[in-house]
Number of protein chains: 2
Amino acid sequence: MPTTRTHPATQRSEHTREALLRAGTLRFVEHGFEGASVEQIAREAGVNKALINYHFGGKRGLYVAILDTTFGEIREGLRALAQSGGTPEQLLGRMLDLFRVMAEERRPGFPALMLREAMAPGERFGRLIGPHLAAMVNVVRLIVERGIREKRFRKVDPLLTHLAMIGGMAFFFATQKGREHLAVQGAFPGRFPTGEEFVEYMKGLMLNGLAVERPPRRPRSERSRAK
Amino acid sequence: MPTTRTHPATQRSEHTREALLRAGTLRFVEHGFEGASVEQIAREAGVNKALINYHFGGKRGLYVAILDTTFGEIREGLRALAQSGGTPEQLLGRMLDLFRVMAEERRPGFPALMLREAMAPGERFGRLIGPHLAAMVNVVRLIVERGIREKRFRKVDPLLTHLAMIGGMAFFFATQKGREHLAVQGAFPGRFPTGEEFVEYMKGLMLNGLAVERPPRRPRSERSRAK
DNA sequence: GTCTATAGGCTGATAGAC
DNA sequence: GTCTATCAGCCTATAGAC
C-alpha cells in the first residue's frame with residue numbers, strides 16, 4: 001500500500017511525502033481543492049507529479065491526508081486544554097491563544113481549510129471534519145456551562161457562543177492575506193492588525209460580553225479607559 | 001456589446017441573463033469559481049451554455065457581474081443605514097439585521113462569496129470587493145467612534161470591532177448549509193440555530209462587550225437572568 | 001438572441017523504464 | 001521510489017447556422 005509506509009521512515013520518501021503535504025496545504029488553502037492543480041503542487045514541492053499518486057493515491061488522497069493531520073493536531077491541542085485547570089475566563093482565553101498559535105505557527109491555513117469545507121459540505125465533510133468540529137464545540141460548551149454554573153457568565157447559549165467566537169477567529173485568520181493584499185493596493189482602510197492584537201481584542205469582547213453584571217445604560221462620567 | 005443591453009429589456013434575453021445570474025450565484029457560492037462549471041450553470045438556468053459567453057463575455061464575466069450586483073446592493077443598504085438616526089447601539093443592531101436580511105433573503109450566499117474572495121485575493125479582489133468592504137468597515141467605524149465619543153462604548157478599536165462582528169456574522173451565514181448537512185448525519189452536536197437567533201445573540205454580545213462600565217469580577221448573587 | 005458543433009487547452013491519472 | 005511519456009476526459013470558448 002502506498003499511503004502506509006513499509007520501509008523505515010529514514011528515506012527520501014519521507015521527505016517527498018512531507019514536501020507534498022506542505023506544498024499541498026499552501027495550494028489548497030489558497031485556491032481550494034478544485035482550484036489547486038497537482039502539477040503546481042508537485043512543482044512547488046520539487047518532486048515529480050506522479051508521486052502524488054504513488055504516495056497518496058491521487059489528488060483527493062493528498063487532500064484528505066492534509067485535512068486529517070491538520071485537524072488531528074488541533075484536536076489534540078483541544079484535548080490538552082480541556083484537561084487543564086483555571087477559571088472559565090482563563091480557559092476561554094487559552095482557547096483563543098491556542099487557535100492563534102495553530103493558525104499562525106503550527107498549522108498555517110487551517111482556518112481557511114475549515115471554512116472551505118464548511119462552505120461546501122460534501123460527503124467527506126461529515127465524516128472527516130465533523131467529529132473535529134464537534135470536539136471544538138464541546139470544549140466551548142463545557143467552559144461556558146461551567147461559567148454559567150459558577151455565576152460568572154450570563155445565561156448564554158453555548159453553541160451560539162462558540163459560533164460567534166470561533167467564527168470571528170476563523171474569519172480573521174482565514175482573511176489575513178486578503179487584508180495584506182488590500183493594504184498593498186492602498187484599498188484597505190486603517191491599520192493591519194496582527195493576530196495577537198485581534199486575540200486580545202476578542203478576549204476582552206467575550207469576557208465583557210459574557211459577564212454577569214449588566215452595565216448601566218447611562219454612563220455617569222468618564223472612567224477606566226481601556227488601554 | 002454583449003454585457004450592456006441595446007434592446008429594451010422586455011425580451012427573453014432579460015430572463016436569460018437573470019436565470020444565469022441566479023444559477024451562477026448558487027454554483028459559485030457552493031463550489032467557488034474554479035469548482036463551478038459553465039455547463040452546469042447553464043443547465044441549472046435552463047439555457048444554452050454558449051449564452052454565458054454572449055451575455056457576459058465568459059465565465060469570469062458572469063462571476064464579476066454577480067459580485068458587482070451583489071455587493072452593490074449591500075453597499076446601498078449600508079448607505080441608507082449610515083444616514084438613519086438612532087443611538088450607536090441601535091445602529092449596530094440594525095446593521096446586524098441588515099446583514100441577516102441580505103444573507104438569507106435578498107442575496108443568499110453573499111457571505112460565502114465575500115469569504116471566498118477574501119481567502120483567495122486575486123487582482124480583481126482589490127478593485128472589485130475592496131471598495132465595498134471599505135464601505136462596510138467605515139460604517140462600523142463611524143458607529144463605534146460615535147459610541148466612544150458619547151461615552152457609551154469602551155475605547156475599543158473600530159477595525160477590530162468590525163472584524164469580530166462582521167467576521168462572526170459572515171462565518172455563521174456562510175456555514176449554515178454545512179451545519180444542516182452535519183445535522184442530517186447526526187454529526188453535529190446540539191440544535192441548529194436560525195439566523196435570527198444568532199443575530200439576537202450577537203447583538204447581546206456586542207452591546208455587553210462594548211459597554212462602558214466593566215462588571216465586577218465577583219458576582220454578588222444571582223440576579224437578572226438573561227431571557 | 002439562441003442554438004449546435006467543434007476546437008483547443010489543461011487536468012488528473014497511469015503504464016512502464018529505471 | 002522516482003521519473004518520463006502519454007492518455008482520456010472535461011472544461012471554456014468560438015464559429016456559424018438559424
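Side-chain atoms are counted along with the backbone in the values below, which use heavy atoms only and exclude waters and symmetry mates. Convention: sequence-line order gives letters A, B, ...; per-chain numbering from 1.
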Nearest-angstrom distance from the residue atom CD of B:Glu14 to C1' of C:dG1: 13 Å
Separation of atom OH in A:Tyr63 from atom C1' in C:dG12, rounded to whole Å: 17 Å
Contact under 4.0 Å: B:Thr16 side-chain N or O vs C:dG1 OP1/OP2: no
Polar side chain donor-acceptor pair, B:Tyr54 to B:Ser13, under 3.5 angstrom: no
Nucleotide D:dC10, atom P - distance to NZ of B:Lys59 in whole Å: 15 Å
A:Phe110 and A:Phe99 aromatic ring geometry - parallel, tilted or perpendicular at 30°/60° bounds: tilted
Nearest listed nucleotide, side chain of A:Tyr54, among D:dT12, D:dG1, D:dT4: D:dG1
Distance in angstrom units between B:Leu20 CG and D:dA13 P, rounded: 13 Å
Over-ring placement of B:Arg116 relative to B:Phe33, 6.0 Å and 45° cut-offs: no
Cation over ring face, B:Arg100 and B:Phe172, 6.0 Å, 45°: no
A:Arg179 and A:Gln176 side chains, donor-acceptor separation under 3.5 Å: yes
Atom-pair distance (CG on A:Leu51; P on C:dT14), nearest Å: 14 Å
Protein-nucleotide distance (A:Phe33, atom CZ; C:dT11, atom P), rounded to Å: 14 Å
Nearest listed nucleotide, side chain of B:Ser37, among D:dT2, D:dT12, C:dT2: D:dT12
A:Asn53 side chain near C:dG12 phosphate (N/O to OP1/OP2, under 4.0 Å): no
Closest nucleotide among D:dG1, D:dT12, D:dT14 to the B:Ala50 side chain: D:dT14
B:Arg43 CZ - C:dC3 P separation (whole Å): 15 Å
Spacing of B:Ile52 atom CD1 relative to C:dT4 atom P, expressed in whole Å: 15 Å
Given D:dT2, D:dC3, C:dT6, the nucleotide with the shortest approach to the side chain of A:Asn48: D:dC3
Sugar-phosphate only, base, or nothing, as touched by A:Ala42 at under 4.0 Å among non-hydrogen atoms: nothing
Proximal nucleotide (of C:dA15, C:dT2, D:dA13) relative to the B:Lys49 side chain: D:dA13
Any A:His15 side-chain nitrogen or oxygen under 4.0 Å from OP1 or OP2 of D:dG1: no
